[in-house]
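Right, one structure below, let's go through it.
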Amino acid sequence: MADLDKEKILKEAIAIYGETLQKTVACEEMAELIKEVVKSIRGANNRKEILEEISDVSICLEQLKLMYKITDAELEDEIKFKLVRLNGRLRGEQDD
C-alpha cells in the first residue's frame with residue numbers, strides 16, 4: 001500500500017465517476033465532517049469519526065485541486081496570505 005500513486009488514483013476516480021459527482025461527494029463529505037464536529041461540541045467522544053471524516057475531506061480536497069487545476073504553490077501562497085491576515089487580526093491590526 002505504501003507505493004500508491006495518489007494522484008493517479010484520484011484522477012482515475014474523477015475520470016470514472018465524473019467531475020460533477022466527485023464535486024457532489026466533496027460537499028457530502030464536508031457536511032459529514034461538520035456533523036461530527038457539531039457532535040463533539042455537544043459532548044460526543046467521536047475523535048475516530050472526526051479522523052475518518054477529515055481523511056475523506058482531504059481526499060476530496062485533493063480531487064478538487066485537480067479538477068480546478070490548483071497547484072500546490074498557489075494553495076501555499078493563499079494559505080500564507082490567510083495566515084498573515086489572521087496573525088494581524090490576532091494582534092489587533094486592521095485589514096487593508
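Remember, it's a predicted structure, so these values are computed and weren't measured experimentally.
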Residue pair Lys35, Val38: steps toward the side chain to side chain contact (heavy atoms under 4.5 Å, CB included) verdict: CA-CA 5 Å; Lys35 183 179 102 179; Val38 169; 5.9 Å; no
Name each donor-acceptor pair under 3.5 Å that joins a side chain in residues 15-24 to protein atoms two or more places apart or in another chain, with its distance.
residue, atom, partner, partner atom, Å
Gln22, NE2, Gln63, OE1, 3.0
Lys23, NZ, Tyr68, OH, 3.3
Thr24, OG1, Thr20, O, 2.9

Lys82: side chain to side chain contact (heavy atoms under 4.5 Å, CB included) partners, not counting sequence neighbours: Glu78, Arg85
Pairs where residues 53-62 contributes a residue and the test salt bridge (Lys or Arg N to Asp or Glu O under 4.0 Å) is met, not counting sequence neighbours: Glu62-Lys65
4.5 Å side-chain heavy-atom contact, Ile54 and Leu33: yes
Joint cluster assignment, Val57 & Val25, ILVMFWY side-chain distance < 4.5 Å: no
Ile79: partners by side chain to side chain contact (heavy atoms under 4.5 Å, CB included), with sequence neighbours left out: Leu75, Glu76, Leu83
Leu64 with Ile59, same ILVMFWY side-chain cluster at under 4.5 Å: yes
Residues which pass side chain to side chain contact (heavy atoms under 4.5 Å, CB included) with Asp5, listed by chain and number, not counting sequence neighbours: Glu7, Lys8
Give every donor-acceptor pair under 3.5 Å between a side-chain atom in residues 40-52 and any protein atom, sequence neighbours left out.
residue, atom, partner, partner atom, Å
Ser40, OG, Val37, O, 2.7
Asn46, ND2, Glu36, O, 2.8
Asn46, ND2, Glu36, OE1, 2.8
Lys48, NZ, Glu52, OE2, 2.3

Remaining members of the apolar cluster that contains Leu86, side-chain heavy atoms under 4.5 Å: Leu90
Glu12 atom CD: more than 12 heavy-atom contacts under 6.0 Å: no
Contacts of type salt bridge (Lys or Arg N to Asp or Glu O under 4.0 Å), residue Glu32, not counting sequence neighbours: none
